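Contents: one structure, followed by commentary.
Computed from a prediction, not measured in an experiment: that's the story for all the values here. Counting convention: from 1, in listed order, for ligands and their atoms alike.
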Amino acid sequence: MEDYVSNGSSNSCVKIPEIKFTKLFINGEFVDSFSGKTLETIDPRNGEMIAKVAEGDKEDVDLAVKAARKAFDHGLWPRMSGYERGRVMMKFADLIEEHVEELAILDTIDAGKLFGAGKAQDIPGAARCLRYYAGAADKIHGETLKMSRSMQGYTLREPIGVVGHIIPWNFPTTMFFLKVAPSLAAGCTMVVKPSEKTPLSALYYAHLSKLAGVPEGVLNVVNGYGHTAGAAISSHMDVDKLSFTGSPEVGRLVMQAAATSNLKPVTLELGGKSPLIIFDDADIDAATDLALQGCLYNKGEICVAGSRVLVQEGIYEEMKRKLAEKAKSWVVGDPFHPNVQQGPQVDKKQFERVLSYIKRGKEEGADLLVGGEPCGEKGYYIAPTIFSDVKDGMQIAKDEIFGPVMSLMKFKTVDDAIQRANATRYGLAAGIMTKNIDIANTVSRSIRAGTIWINCFFGFDCDAPTGGYKMSGFGRESGLDGLCMYTQVKSVVTPLHNSPWL
Ligand code: NAD
C-alpha cells in the first residue's frame, strides 16, 4: 500500500490544504477554548497528527448556549420569514459546492473516508440536504381544527428552540447536515458538537454559514470530548431539544442527562445490526455485489451496514464461493486513490475493537471464509472479513461491530428469514433481494426496522425518513418527518360568539 497524497511532492495527486479552522465557533466568531486546551485530530492512514483543535468544555458550552439562547429569544432567525431563511440556506449550499474538493479532503484525512465518495456523495449531498430543507422552510404550517363546540381553533408549528446536536465520526458531513439543515429551516438556533475524532469539516461549515449570512449565535460549533462538552450540552438547562447520533450506550447517557435536567425531548439515532435477506430467486451476481457493498461501504463504519447476510439454502453455497472470490479482490488502501474501495478504520481504538471481534468470531467457531487480518504497514487498515455458517447466538451475529466484517448465515423458509432477521435488539434497516413481489411485500411488512430496501441497499434520499425501531433509537431524520423533530405544535383557540356555525 502506498501513500497517494503528500504535501507538495512531485508525484502528489491530491494536495492536502492548510487546515484553516481549528478553534471553537461561538456567536459568529472563531475563539479559543476557555481553558486554552487543545485536542489532536489524527490521520487514520498513518496515525499522525493532522492538527490541534480547541478543546471545548462546560464553560465553552455555556457561552455557546447563551449565544444560541439570545439568537432564539431575541434574534432575527426564528422571526424572519421561512422564505428568507431558505434563501440564506440556498447560499450556504452554493458555498459548499464551491469548496467540494477541500471539504472532501478534510473528511478523508480526518475519518479515512474514500475521497471519491466524499466528492461525489457526501459533500454534494450536504448541499442537496440544505436545499431540500430550504425549500420546506416557507411551508411549515399548522392545521385548521374542526372544534366540537362553538370555538375556532388552529395549530401553529413553531421552532422548538435551542437545539443541542451531538454527532458521530463516521459521516462527519452527512451527520452534520441531517441535523443542522432541518433545524435551520425550522427557525431553531443550535450548538453542534462534532466527534472529537472528526472536527475539521464541521468548523469549515461554520465558516461557510457565516459567509452565507446565517446570523451570529444561530449556529455554534463546540469541539470537545463526549464526557465533557457532550455531557454539558445534554444536561444544559437552556437547551430545549437534543438530537444525538451515536452508540446506544452513549444514547442512554444523553437521555438520562435530559431526564435529570430540564426534561428536554431527545431524538436518538443509534446503532444497528441490519440483515440483508437474499432469496433463492435472486440474481446471484447482483446479490453478491450488493452484499459486499452493503457490508463494506465506508469500511463497515455505517450504522445501517448489512452486516448479517441471510442467504436461502438453494443458493447459499454458490453465494459463499462468489463472495469469497470478490472479497479477495476488494481493494484496501489509501482512500485518496481512485481505485481503492476501502480506507482505514477511523482510529486505533476502532481498529482494535474490530480485530477483537474477529478474534471472538474465530473463538466462537464461525468459519473464517476470507480476511480476518490487518493490512498495510501503517495506518488502521483491515482486510474485508467474511465469516460463514454463523449462528444467531454468536457475538459477531449480535453486536454492532462497525467494521468490514460480514456474518453469512443460511435460512430455509420465508418465515425462518423473518424470524431470524427480527432476532436482534436493533431495528435500523433491512434489505431484501427477490423477484417475488409477494415475498418482498410480506417480508418488508414483517421486519421491525425503520427502513427496508427491496432489491437495493443504501437507498437514501433527502425525502426518505430514516430512524430506528427498538434499540436503534427513536425520532426520524430526513424528509419532512426530520423537520418535525425541530418544531412543536401550539393550539390557538378563540370562541365563536353568536355564530350559527358549529
Ligand atoms: P459515540 O456514542 O461514542 O459518540 C457519539 C457522539 O457522542 C460523539 O460526538 C461523542 O463525543 C459524544 N459523546 C460521548 N460520550 C458522551 C456523553 N457522555 N455525553 C454526551 N455526548 C457524548 O458513537 P461513535 O463512536 O462516535 O459512533 C459510532 C456509533 O454511532 C455506532 O453505534 C453507530 O451505529 C452510531 N451511528 C448511528 C447512526 C444512525 O443514524 N442511527 C449514524 C451514524 C452512527
Side-chain angles (χ1 to χ4, degrees), residues 39 41 53 55-58 61 110-111 113 122 164-179 191-199 202 221-236 239 242-261 264 266-274 297-307 345-354 357 399-403 424-429 449-451 458 460 464-478 482 485:
L39 59 84
T41 177
V53 300
E55 181 193 329
D57 204 329
K58 191 172 180 310
V61 167
D110 232 5
K113 298 178 65 67
D122 298 38
H165 294 302
I166 301 177
I167 58 182
W169 42 262
N170 59 338
F171 283 83
T173 291
T174 309
M175 295 297 137
F176 185 92
F177 284 100
L178 277 176
K179 297 185 185 308
V191 179
V192 185
K193 195 199 84 60
S195 168
E196 58 276 19
K197 297 177 191 184
T198 55
V221 178
V222 179
N223 324 305
Y225 292 104
H227 66 282
T228 53
I233 294 174
S234 323
S235 59
H236 206 292
V239 171
L242 285 174
S243 178
F244 170 82
T245 299
S247 60
E249 298 73 29
V250 177
R252 209 185 284 273
L253 294 177
V254 165
M255 212 171 152
Q256 275 165 2
T260 51
S261 54
K264 56 182 88 57
V266 181
T267 297
L268 296 182
E269 297 282 343
L270 308 176
K273 191 74 187 176
S274 301
Y297 180 67
N298 204 50
K299 16 151 187 155
E301 291 172 350
I302 178 163
C303 51
V304 289
S307 51
Q345 306 311 127
V346 73
D347 66 0
K348 189 160 187 282
K349 187 172 162 208
Q350 190 65 16
F351 171 76
E352 285 170 354
R353 184 172 180 270
V354 174
Y357 269 109
D399 289 5
E400 179 183 50
I401 299 175
F402 227 54
T424 166
R425 57 185 181 272
Y426 293 115
L428 205 49
T451 301
F458 303 137
F460 290 116
T466 56
Y469 280 35
K470 303 195 271 183
M471 279 183 67
S472 290
F474 46 81
R476 291 292 176 268
E477 286 190 323
S478 279
M485 300 292 126

* For atom 20 (C) of ligand 1, what is the nearest protein heavy atom, given as residue, atom name and distance? -> Gly230 C, 3.2 Å
* **Distance flag for atom 26 (O) of ligand 1, protein heavy atom under 4.0 Å** => yes
* Under-4.0 Å heavy-atom contact with ligand 1, by part of Gln350 that carries it -> neither
* **Per-residue contact class, Ile233 against ligand 1 - non-hydrogen pairs under 4.0 Å** => neither
* How does Asn170 reach ligand 1, if at all, at less than 4.0 Å between non-hydrogen atoms: by side chain, backbone, both, or neither? -> side chain
* Which residue supplies the protein heavy atom nearest to atom 36 (N) of ligand 1, what is that atom called, and how far is it? -> Cys303 CB, 3.7 Å
* May I ask you to identify the nearest protein heavy atom to atom 41 (N) of ligand 1, giving residue, atom name and distance to one decimal place in Å? => Leu270 O, 2.6 Å
* Asked: Counting only heavy atoms, which portion of Lys197 has something under 4.0 Å from ligand 1: side chain, backbone, both, or neither?
  -> neither
* Structure fact -> Of all protein heavy atoms, the one nearest atom 11 (O) of ligand 1 is Glu196 OE1, 2.7 Å
* To do: Determine whether the side chain, the backbone, both or neither of Phe244 has a heavy atom under 4.0 Å from any heavy atom of ligand 1.
  => side chain
* Asked: Do Lys179 and Ser243 have a side chain donor and acceptor closer than 3.5 Å?
  -> yes
* To do: Please state which part of Thr245 comes within less than 4.0 Å of ligand 1, counting heavy atoms only: side chain, backbone, both or neither.
  => both
